[in-house]
Visitor: 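This is the structure, below, for whatever I ask next.
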Amino acid sequence: MSGTSLFLQIAQAVVLVLFAPIAAGVVSTAKARLQNRRGAGVLQPWRNLIKLFGKQVVLAENASWIFRFAPYVVFTATIMAASCVPPLLVHTPLSLTADVIALVALLALARFFLALAGMDIGTAFGGMGASREMTFSALAEPAMLMSVFVLSIGAQSTNLTTMISHTLNTPIVLQPSLAFALVAMLMVAVAENGRIPVDNPTTHLELTMIHEAMILEYSGRHLALMEWAAMIKLTLFATLIIDLFLPWGISIDASLAGVAMGLVAWLLKLIGFLLGLSLVETYLAKLRLFEVPEFLSTAFVIAFLGLLTHYMLEIGT
Amino acid sequence: MNAMTLAAGSGIAALAAAAGAGLLRGHLQRSALCLFLGISGLLSASAGLVGLLTSTASLILPLGLPWLPMHFRIDGLAAFFLLVIGALLVPVAIYSQGYLKGYQGRMDALAVFLPLFVIGMQGVVLANDAFAFMLFWELMSISSYFLVTFEHENLENRKAGFIYLLMAHLAGLLILGAFAVLYASGGSFEFSAMRAADISSFWASVAFLLAAFGFGTKAGAVPMHGWLPDAHPVAPSNVSALMSGIMLKVAIFGFVRVTWDLIGSGDFQWWWGAVVLAAGASSAVFGVLFALQQHDLKRLLAYHSIENIGIILIGLGLSMLLAHFGHPMLAALGLIAGLYHTINHALFKGLLFMGAGAVLHAAGTRDMESMGGLVHRMPATALFFLIASISISALPPFNGFVSEWLTFQTALMSPQLGGALLTAIVPFSAAMLALAGALAAACFVKVFGIVFLGHARSEAAASAHEVDAWMKVGMAIPAFFCLLLGLLPVLFVPLLDVIPRNLLDVSLAAHVHEHGWLWLSPVDVSHASYSAPVALAGMLTIGGLAFWWLHPKGSTVRRGSIWSCGNPHLNARMQYTATSFSQPLRRIFGGILQPDEHAHIERPAHKLLSQKVRHAVHVADPVVNRLHRPLADAVLTLAHAVQKEHQRGIHAYLAWTFATVLVLLAVFT
Amino acid sequence: MSMSLVQQLVDGLAALMLLVSFALLAQHRLLSVLHWFAAQGVLLAVTATIVAYGTGNHELYISAVMTFLLKGLLLPWLLWHVIKRLHVHREVEPLVNLTLTMLIALGITLFSFHIIQPIEKISESLTSDSMAIATACVLLGMLMMITRRKAITQVIGFLAVENSLFFAAIGSTNGMPLVVEIGIAFDVLIAALIFGLFFFQIRTTFDSLEVDAMHAALQDREDEA
């Protein structure tokens, strides 16, 4: 592996990580505008993070080392996953580290520690959040895998680089199976990131909350890491979906012009995705908690239908 | 040294352990037992390693029947399972040195049957004729029966033991049937004759079905698993570790031996793979769903064994399907995935049972609802248990993930097979594997969270103490190997390569690390690759940077009280419990679990003022209730009928004899 | 790619058809069931137009327009009217829970794919691939009739079956003769009208549109007699 491509790989991961809070800001500002409010601006998440990094940590009296260790695991596993999803440049040496399945597993590792941290203090809120998070993510997993399956059968690979190149190199054909996979993947992304209609990221004390319940006891830099990881995860999923379904514009070679083009294309597509998300979040109401399994099983059924239509309509003709 | 010599040495060491345990008493008995078991384990493991690296070795001992001496043989498959046995036996032996302190003076039966159990397993793996196989198989079954009923004062244990014995014998009978079919075509009890024989497709299917049900029963595959969740928890924890970690694997070994080796992969029918795949997928999901509903720690782990056997069977089933449809490379990958999960499961499940033993030792109960907060008082046990939990939840960078990843790759790379049903079953089983893996993660968040985190829920848990150094070392070894097998699969997979070379005539070794030793790529690097070392190094770098940046000099941490919504009196009973943790899943999967829930609310003063709420949930295993209980009842009824016949005196006996003579005459003339 | 654009479009519409059939099964509210039913009608009209373009069969344009008017507008409007007049726009009441229904539906789809595959090999028409999907949709419509409690959802299930048959007809024979099609269309319209009248009648007689309730009421009446 050459030094330049390694540098580019790290650089694009840094871009993704640094842009993640702004992406969260874009969603909240767009939502505010849609609700006739002014909003705090797209940089507000960054300001929050900087403020939190400067604050002293207050730990609960019975917090164990798991509680202090978890934010670092969550943060690093999420970044590791993010660094395998290329926003700008397709051919990167480190994308061999983890294929799509390993990427999902890295996120699962982050979630495992997040849930453990929720259980550590021993309050009902933490346990509740952990229980629900693990339950719903378990139901989301088969749907996620199914939609990855639909894509990887065409490309004969689960390597992101190969999958993106495959999409770029095949002539554009109407493939209904991809539409199914996309819908399923979007539904899973909404659930995994705790957005409306599955979870409401803006509530802090509500009996139906999931993500916030687990990090209720965190403060200072620990909280900042947890929040930042959640923002990175949102950007990661958006980039993953863009890469898999709409990769056009991403740079194939490591030239400066190509990368600059890739950056512009990525930003445009990402912001489009985020605006769509804020529209959905404004338009829809949160589901009742026990309708979430129905939502996720629908995602699974759609992905499976995608697979079946792929076999029926796209192979053999 | 020759692999066979090492294996023989390992058997002799186990015999020495039995003899030592039988002759000696007191702490010498314990030390002799553990020392010789440890030596036996070491020799087993080295025999396995040597066997994997060198060619096949065989040995004929003039024991047993006069016209049939015992045949032994170490090929790749046997060597691998010897390695599995040794890899877990060594740490369990070390662990037992500490653990059995509590049983001192009343462990004679345990100390004699434990080595016999080990000899039984080693013998099954080495056997090269049906007679030796069945002999050691029964030795394994019977000695493990005595280990299960070791604490036979308890009625529950005796019941579990009875069902276990019944199912073990049913399994033995079916396996015997499979060998009978193979004997009919091969004309000899020797495996070499069975291997060479041509078998018609009908009889091959009969042999396959008998073997699948026989070994499936012993392995605890759904729907023949009923004995497992009863039998594993009641044995002492070191025995549970061996039973769950190795004995179930010996059943997997038997299945692979009979179907792949003796029947031969050329004779596979398409539906064999589908049957194994379906059994695997349903075992995986069923096992983990029921595990989630348990609050008895060891019972929960036992259900997880069912889940993991399911995962292994998914790998094997995929391999059988692909072998039938002419994709030997992918079939080899599926086989390797299944076998890799076999050794992984042996390591982490052994570790989990040892950890559970340590916890029971400290808390005095198997009920998770009265544990909590043990991470503060048992830090080392907590760390090892956490490693095992991450491994079994299939999370990187530990070993469980590698084998599940390989299984996923096998499924993902399967081309279109036959009709639509067959094509869809592969991705569907992969989806079930994903569901099972994610539910396992949920379950181990529950286990670790309830047992080790939060506040202590009982006096015993509050005053728990860390276990001694023997037990810590016993747990540290598998924990280390969980990480090693997770980080360096690239070195381990080529070691297993001899097995598909023998059974399927293909080799994977050239492809596994074509992109360098850091990257595991099952078929081709453009298909898929995974590098645990790079991922771990990356995470350590990022985490280290974050830590260094966020911890400037003088940054302090303040401890405060828990935020309690303004309620001044938080207590341990207000925490989430194991039962409440699994409530959402109980509701979602209510159709399968069929929980029996009762809520009783006392409202003495006014109908709006509830004073006392009692809530009881019971989740019974439907397979046990609808299949195993009736079976056991039928056997008992039959036994009672025979007993009645016996009590009718000499005339009845004569009448039966007379009738038998008449029938025989009628048949043979 | 050997597939022509028309072929691709028809395949895409077939996939959408399957999706709509699942969507019909997945709804909680009667009004959303109706919306999806209307969408199915529009989808059929679009398919007919595209097949007409692809095969040059001009009669199909007429049936496309008819389908749009009848199945996309008139029938949904009629049913909407009935629902409004009868105040039954409450939740759909499934006999089996929705997730399980969806899984059964998945199994049925798989089954029909399995059954149709041998037939497809010998068929050579433009849209032979969609045959399997049309079969699946017919079976899903039947599933809807089986698993729902309200008579109106059963009628929608019946109409969905008819839609799928129409889809199969366009797919496998590139459209039936116009006369036959007009005949069927009027039959469906009359059937829907009769159903509508029956709903009112049933409502005044039994005070309910639940099939089980009707059954119980009839039993009571028999007991009295």
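Convention: sequence-line order gives letters A, B, ...; per-chain numbering from 1. What you are looking at is a predicted structure, and each value in this text was computed from that prediction instead of being measured.
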Visitor: For Ala224(A), is it the side chain, the backbone, both or neither that has a heavy atom under 4.5 Å from a heavy atom of chain B?
Guide: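 No part of it gets close to chain B.
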Visitor: If you count heavy-atom pairs within less than 4.5 Å of chain B, which of Ala108(A), Ala105(A), Ser83(A) leads?
Guide: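 Sorted descending by pairs with chain B, the first entry is Ala105(A).
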Visitor: Sort Ile121(A) into side chain, backbone, both or neither according to what part of it lies under 4.5 angstrom from a heavy atom of chain B.
Guide: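 Both backbone and side chain of Ile121(A) come within 4.5 Å of chain B.
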Visitor: To the nearest 0.5 Å, tell me how far Glu133(A) CD sits from Glu192(A) CD.
Guide: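 With rounding to 0.5 Å, CD (Glu133(A)) is 7.5 Å from CD (Glu192(A)).
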Visitor: Given the options Thr123(A), Val58(A), Thr161(A), which has more heavy-atom pairs under 4.5 Å with chain B than any of the others?
Guide: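 Looking at each option in turn, the highest pair count goes to Val58(A).
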Visitor: Side chain, backbone, both or neither: which part of Phe75(A) has a heavy atom under 4.5 Å from chain B?
Guide: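 Only the side chain of Phe75(A) comes within 4.5 Å of chain B.
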Visitor: Do you know which two heavy atoms are closest between Ala60(A) and Arg559(B), and how far apart they sit?
Guide: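 Closest pair (atom of Ala60(A), atom of Arg559(B), distance): O-NH1, 3.0 Å.
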Visitor: Counting only non-hydrogen atoms closer than 4.5 Å, does Glu217(A) touch chain B with its backbone (N, CA, C, O), its side chain (CB onward), both, or neither?
Guide: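 Only the side chain of Glu217(A) comes within 4.5 Å of chain B.
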Visitor: Set out, in order, the CA-CA distance, both residues' side-chain angles and the distance that settles side chain to side chain contact (heavy atoms under 4.5 Å, CB included) for Phe136(A) and Ile210(A), then state yes or no.
Guide: CA-CA 10 Å; Phe136(A) 293 145; Ile210(A) 302 173; 3.6 Å; yes
Visitor: Report which part of Leu160(A) has an atom under 4.5 Å of a heavy atom belonging to chain B: side chain, backbone, both, or neither.
Guide: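 Neither part, no heavy atoms under 4.5 Å.
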Visitor: For chain A, find which of Val534(B), Val375(B), Ile450(B), Ile562(B) contributes the most heavy-atom pairs closer than 4.5 angstrom.
Guide: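 Ranked by heavy-atom pairs under 4.5 Å with chain A, first place is Ile562(B).
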Visitor: So which residue, Ala430(B), Ala546(B), Pro396(B), ends up with the most heavy-atom pairs under 4.5 Å with chain A?
Guide: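 Heavy-atom pairs under 4.5 Å are most numerous for Pro396(B).
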Visitor: What is the distance from atom OG of Ser131(A) to atom CG of Leu585(B), rounded to the nearest 0.5 Å?
Guide: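 So the OG of Ser131(A) and the CG of Leu585(B) are separated by 7.0 Å.
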Visitor: Using heavy-atom distances under 4.5 Å, tell me whether Leu109(A) contacts chain B through its side chain, its backbone, both, or neither.
Guide: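 Both backbone and side chain.
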Visitor: Chain B heavy atoms under 4.5 Å from Ser152(A): which part of the residue, side chain, backbone, both or neither?
Guide: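 Side chain only.
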Visitor: Please assess Thr162(A) against Ser165(A) for the test side chain to side chain donor-acceptor pair (under 3.5 Å), listing each intermediate value before the final yes or no.
Guide: CA-CA 5 Å; Thr162(A) 320; Ser165(A) 315; over 6 Å; no
Visitor: Measure across Cys84(A) and Thr97(A) and return the closest heavy-atom pair with its distance rounded to 0.1 Å.
Guide: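 Residues Cys84(A) and Thr97(A), closest heavy atoms: SG-CB, 4.5 Å.
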Visitor: Hey, are the side chains of Val100(A) and Leu151(A) touching, using non-hydrogen atoms and a 4.5 Å cut-off?
Guide: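 Not in contact.
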Visitor: Is it the backbone or the side chain of Phe67(A) that comes under 4.5 Å from a heavy atom of chain B, or both, or neither?
Guide: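 For Phe67(A), there is no contact with chain B at all, as no heavy atom is under 4.5 Å.
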Visitor: Which residues, numbered in order, of residues 292-304 of chain A come under 4.5 angstrom of chain B by heavy-atom distance?
Guide: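 Counting heavy atoms that sit under 4.5 Å from chain B, the residues of residues 292-304 of chain A involved are Pro293(A), Phe300(A), Phe304(A).
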Visitor: Using a 4.5 angstrom heavy-atom cutoff, name the option from Leu435(B), Val445(B), Leu439(B) with the most pairs to chain A.
Guide: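 Maximum pair count with chain A is reached by Val445(B).
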Visitor: Tell me, out of Gly543(B), Gly560(B), Gly449(B), who's got the most heavy-atom pairs with chain A below 4.5 Å.
Guide: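 Among the listed options, the one with the most contacts to chain A is Gly560(B).
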Visitor: Pick one of side chain, backbone, both or neither for Thr541(B), based on which atoms fall under 4.5 Å of a heavy atom in chain A.
Guide: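 No part of it gets close to chain A.
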Visitor: Taking the ring of Phe448(B) and the ring of Phe452(B), is the distance between their centroids below 6.0 Å?
Guide: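 Between Phe448(B) and Phe452(B), which both carry aromatic rings, the centre distance is below 6.0 Å.
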Visitor: Could you label the plane-to-plane angle of the Tyr72(A) and His551(B) rings as parallel, tilted or perpendicular, counting under 30° as parallel and over 60° as perpendicular?
Guide: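 Ring orientation of Tyr72(A) relative to His551(B): tilted.
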Visitor: Side chain from CB out, backbone as N, CA, C, O: work out which of these in Arg68(A) comes under 4.5 Å of a heavy atom of chain B, or both, or neither.
Guide: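 Interface part for Arg68(A): side chain.
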Visitor: Only pairs of heavy atoms separated by less than 4.5 Å count here; which of Arg558(B), His376(B), Gln583(B), Gln575(B) has the most with chain A?
Guide: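 Answer, by heavy-atom pair count under 4.5 Å with chain A: Arg558(B).
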Visitor: Can you tell me which portion of Ala440(B) sits under 4.5 Å from chain A's heavy atoms? Options are side chain, backbone, both or neither.
Guide: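 Answer is neither: Ala440(B) stays 4.5 Å or more from chain A.
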Visitor: For Leu114(A) and Ile215(A): C-alpha separation, side-chain torsions, deciding distance, then whether side chain to side chain contact (heavy atoms under 4.5 Å, CB included) applies.
Guide: CA-CA 8 Å; Leu114(A) 182 62; Ile215(A) 59 172; 3.7 Å; yes
Visitor: Where does Phe589(B) contact chain A at under 4.5 Å (heavy atoms): side chain, backbone, both or neither?
Guide: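 When you check distances to chain A, only side chain atoms of Phe589(B) fall under 4.5 Å.
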Visitor: For Leu116(A), which atoms come within 4.5 Å of any heavy atom of chain B: side chain, backbone, both, or neither?
Guide: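 Contact with chain B: backbone and side chain both.
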Visitor: Between Met185(A) and Ser147(A), what is the shortest heavy-atom contact and its length?
Guide: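 So the minimum-distance heavy-atom pair works out to SD-OG, 3.9 Å.
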Visitor: Heavy-atom distance under 4.5 Å to chain B: side chain of Phe112(A), backbone, both or neither?
Guide: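 Both parts, backbone and side chain.
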Visitor: Would you mind telling me which of Gln409(B), Met574(B), Lys446(B) has the largest number of heavy-atom pairs within less than 4.5 Å of chain A?
Guide: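 Looking at each of Gln409(B), Met574(B), Lys446(B) in turn, Gln409(B) comes out on top.
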Visitor: Run Leu236(A) and Leu103(A) through side chain to side chain contact (heavy atoms under 4.5 Å, CB included) and show every step you take.
Guide: CA-CA 10 Å; Leu236(A) 183 159; Leu103(A) 191 135; 4.2 Å; yes
Visitor: Mind listing the closest non-hydrogen atom pair of Tyr218(A) and Ala70(A) along with its distance?
Guide: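 Heavy-atom minimum between the residues: OH-CB, 3.7 Å.
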Visitor: Under the side chain to side chain contact (heavy atoms under 4.5 Å, CB included) rule, what do Leu318(B) and Thr407(B) come out as? Steps first, then yes or no, please.
Guide: CA-CA 8 Å; Leu318(B) 282 173; Thr407(B) 315; 4.2 Å; yes
Visitor: Where do Ile232(A) and Ala82(A) come nearest, in terms of heavy atoms and distance?
Guide: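 What the structure gives for the nearest pair is CG2-CB, 3.9 Å.
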Visitor: Check Met134(A) against Ala442(B) and note the closest heavy-atom contact, atom names and distance.
Guide: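 Smallest heavy-atom distance, with atoms named: CB-CB, 3.5 Å.
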Visitor: Are Ile390(B) and Phe401(B) packed together at the side-chain level, in the sense that at least one heavy-atom pair is separated by less than 4.5 angstrom?
Guide: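 Of all side-chain heavy-atom pairs linking Phe401(B) with Ile390(B), none is under 4.5 Å.
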